[in-house]
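Working notes, beginning with the structure itself.
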Amino acid sequence: MPVKYSKKTEQFHLYNDQVSYIFHVLPTGVLGHVYYGQRLPLDRDYTYQKSHMNHVLKVFTADDESLISYEDTLQELPVYGRGDFREEALRIHYRDGSMMNQFLYRGHEVVQGVIIDTSVLPQSMPNNKDEATTLIVTLKDDYRKVTIEMFYTIYEKLPVITRRMKVINNDTATIAVDKCASLNLDFSEANYSLMKFDGAWARERHVAVSDLPMGMTSFGSTKGNSSANHNPNYILLQEGADEDQGCVYGLSLIYSGNFEASLEINQYHQLRAQIGINPSGFNWQVEPGCSFLTPEAVMTYSNSGLSGLSKANHSFIKCHILPKDHRKEAQVLINNWEATYFDFDEATIIDLAAEAKELGANLFVLDDGWFVGRKDDYRALGDWFVDEQKLPNGIRHLSDEIHKMGLDFGLWIEPEMINLESKLYEQHPEWVVGHSKYSMSVGRHQYLLDFSNPEVVDYIHKHISSILREANVDYVKWDMNRVCSEPNSMTLKPENQGEFGHRFILGVYDLYKRLTSEFNQVTFESCASGGARFDLGMLAYAVQTWTSDNTDPVERLSIQTGTSYLYPLKSMGSHVSAKVNHQTLRKTSLLYKSHVAIFGTYGLELDVRHMEEKDKKLMREQIALFKAYKNLIHEGDFYRLISPFTPNGTNHNNLVSWMVVDQGQEEVLVGVYQTLAKPSPNIQRLYLKGLDKEAVYREQLTQKTYSGIELMTLGYILDDFFTGIFSEMPGGNKENQPRFGHGDFTSKLIMLTKVK
Ligand code: DGJ
């Protein structure tokens, strides 16, 4: 069992080949943290590693300065008000109005596998019990009659440990949990920089790296979803760590609602890192005999820099987060949104599907606008009945026609929303999120349905499941296009209003759980105005996420690079859209767009009916190429060769390159992208990664051979850059096809195969 407990020293050591996580019971009975990082020898006592110094003027746990001061003791569960003075991980209000408590070690248990929570909170899952071990440590406050269970799950083959905590109320009065972080991780030093993933609509998950100041740094979401502004995830880079080397820690939350990440450096230059439900506006009433369980947090460690961390994140998500029981993953889809918006009828859809089928697509997705009265985004959300004006023969007929063509059929839904102009609002105005005495803010002309109310979830489940059955769907795109303001339920009891945000997201998970269980052969893709809910919570139910509404390939280079630190390529929705991009109006070639989209799930989002024959030919080739390389792209190891972000995450590099290599180091696919052409450039080389040093690789296009070590150390030389006469200019050679580096927005795919 990868948990070693020493009765003598009361030291716990969680370990596998790659990591050690060590804590112990302090003389006071509180849990003290010792170490997390590279694997250490097992049979040693590390508890001498005290983190505290006996400075005067600190407060100590007793009037003896050789005892403990929590001010600089590393802890597993720092609570409010007990002389720590840093950010607490747990804050509870008791019946006497006080927040005082003390949770002391009372016992522990080690179980094979994970503890499966019976609620709807998403969690990581081993494929069989042997892949994970869980340590449950029990702490008690006897006066308060409250028990805490701390869960630590270690995955045997990955540098990953997850954490959760449960608050159990054995008292006869209700307690109020004001803050309950999923994890608290104390470091004895503060020599780390912070990497986080920030953005906005159409600009999600841009890399931001900064030094940490003394005091508190925090970020999160209060928008009801995890948001496009900050991802529920961050990375700590130890001084000197970079893409390929050094110690890095990734902390993330399996959660899609309001979260808070906080980092604090105290006066002794120690770092405290936390992540959990955002305490802003949060308050959970735990009634006698009941408990509160936090979302699960994930800690990933790498001593080979960010690329090692991404690899561990990708493997963990693929093996232990993504749902397994859907029929087909990542079909090449065509989505009609940017081709038609709301303006379509049955004939248009059939034509689009037929053209897409001819190009090689396997799935047609009918986006927003198919339900009664939905001619624009002002109305009809909540009324999940087919619009017979647009689809007079019904949705089943359309789905049957599409299936007859040999395509799968997918449908867009936005279950959490309502427009005031809808039958549902006429019947149930009290089901809207807000307060009856105050005006409600509006976003995209729509409002949130109160998913904290199980009656609402039941109603939506009934109607959505009925339409999905009727339409015989193979795929569902679940959208969410406004954030939560006026977070108030018109049906929750007054004392439970502080639970609204968490209850809302539990309602969303409940609906996900019901629909994905009933339609367990259907692929679900989550979406929130693009990538505003790209998180591990959603991925536990929906195997892929629409990465961003922005399909401009130049923008996607940044968005997909940022996303790749955290999430695997097979979860990133990526489509080829019109030559003139609808979000930026930037014009780029279909080839460039396709080369970017290929590092994701790949799909089409443009009007294929009106394409020139040469473009159709190109798209046929590109779709065939994606299908040929899909397994490598989705299951191989991904590397960022050149990031669009400079190390401090501010400026953008002009050249970007990504690669994938399979686990056997046999097949390699490299994408390289130039944004703007530059005159008289230097020779550009790509230094490949993860290859077999001894092997010889042949480049598919040129048939040139290279050794693995050569490609990784000497590099692969990109074509000479051309800044002279372009083929399109008067006097230019028309035969001279533009090559990589000729002009703005050019790209190239390099395929290599091991020959010996
Ligand atoms: C926002 C999504 O991100 C788009 O792809 C599209 O589905 C629209 N919503 C439809 O309203």
Side-chain angles (χ1 to χ4, degrees), residues 199-205 223-229 256 333-344 348-349 352 363-384 387 390 409-419 421-422 442-449 464 467 471 473 475-483 523-535 538 542 544-553 555-556 559-560 563 571-578 581-584 593 597 600-607:
W201 173 74
R203 181 168 40 81
E204 297 90 342
R205 289 170 300 286
K223 291 184 153 180
N225 59 13
S226 50
S227 94
N229 308 134
S256 314
L333 68 76
I334 171 142
N335 178 305
N336 71 307
W337 180 241
E338 290 195 8
T340 66
Y341 294 102
F342 293 105
D343 187 14
F344 61 82
T348 319
I349 296 302
L352 262 177
L363 162 66
F364 183 88
V365 180
L366 183 59
D367 210 280
D368 195 356
W370 57 265
F371 44 101
V372 63
R374 185 72 169 170
K375 60 178 183 184
D376 53 31
D377 55 12
Y378 283 82
R379 63 206 90 239
L381 286 170
D383 297 342
W384 299 107
D387 187 339
K390 284 183 189 165
F409 181 65
L411 201 60
W412 177 97
I413 55 172
E414 196 179 2
E416 298 147 73
M417 297 294 157
I418 185 164
N419 287 116
E421 196 176 314
S422 65
V442 54
R444 206 201 185 196
H445 324 295
Q446 66 196 54
Y447 300 84
L448 281 159
L449 273 172
I464 298 268
I467 195 81
V473 293
Y475 163 105
V476 170
K477 176 178 175 187
W478 179 323
D479 207 346
M480 192 239 185
N481 284 305
R482 70 152 288 179
V483 295
T523 301
F524 279 72
E525 174 157 351
S526 81
C527 170
S529 307
R533 210 158 57 176
F534 205 140
D535 57 60
M538 283 291 122
Q544 57 198 62
T545 302
W546 183 221
T547 311
S548 176
D549 272 352
N550 198 335
T551 53
D552 177 331
E555 298 299 317
R556 279 291 185 128
I559 295 168
Q560 291 179 209
T563 307
S571 66
M572 283 188 220
S574 55
H575 299 171
V576 176
S577 59
N581 181 263
H582 292 197
Q583 291 75 39
T584 59
K593 287 166 191 292
T601 61
Y602 201 83
L604 307 174
E605 182 126 3
L606 74 170
D607 195 343

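Numbering of ligands and ligand atoms starts at 1, following listing order. Nothing fancy with the numbering, it's 1 onward along the sequence. The model shown is predicted, which means the values in this text are computed figures rather than measured ones.
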Checklist entry - Mind checking whether W412 has an N or O less than 3.5 Å away from an N or O of ligand 1? => result yes

Checklist entry - Among protein heavy atoms, which lies nearest atom 6 (C) of ligand 1, and at what distance? => result D367 OD1, 3.4 Å

Checklist entry - Any chance the side chains of W370 and D387 put a donor and an acceptor closer than 3.5 Å? => result no

Checklist entry - Applying a 4.0 Å heavy-atom criterion (strictly less than), which segment of S529 is in contact with ligand 1: side chain, backbone, both, or neither? => result backbone

Checklist entry - Between the side chains of Q560 and E204, does any donor sit under 3.5 Å from an acceptor? => result no

Checklist entry - Does E338 reach ligand 1, in the sense of a heavy atom lying below 4.0 Å from it? => result no

Checklist entry - Just checking, any donor-acceptor pair under 3.5 angstrom between side chains of Q583 and N581? => result yes

Checklist entry - Quick one: does ligand 1 sit under 4.0 Å from the side chain of K477, the backbone, both or neither, non-hydrogen atoms only? => result side chain

Next on the checklist: With nothing but distance in play, are any N or O atoms of F342 less than 3.5 Å from an N or O of ligand 1?
Outcome noted: no

Next on the checklist: Using ring centroids (six-membered ring only for Trp), state whether W337 and F342 fall under 6.0 Å.
Outcome noted: yes

Next on the checklist: So, applying side-chain hydrogen bond (donor to acceptor under 3.5 Å, both in side chains) with N481, which one of E414, E416, H445, Q446 is it?
Outcome noted: E414

Item to check | Region of D377 engaging ligand 1 - heavy atom pairs below 4.0 Å | outcome: neither

Checklist entry - Does D368, backbone or side chain, put an N or O under 3.5 Å from an N or O of ligand 1? => result yes

Next on the checklist: When you measure from the centre of the six-membered ring of W546, is the NZ or CZ of R556 closer than 6.0 Å and no more than 45° off the axis?
Outcome noted: yes

Checklist entry - R444: heavy atom below 4.0 Å from ligand 1, yes or no? => result yes

Checklist entry - Going by distance alone, is a donor N or O of one side chain under 3.5 Å from an acceptor N or O of the other, for D367 and N335? => result yes

Checklist entry - Taking N or O atoms only and a 3.5 Å limit, does W337 qualify as a polar contact for ligand 1? => result no

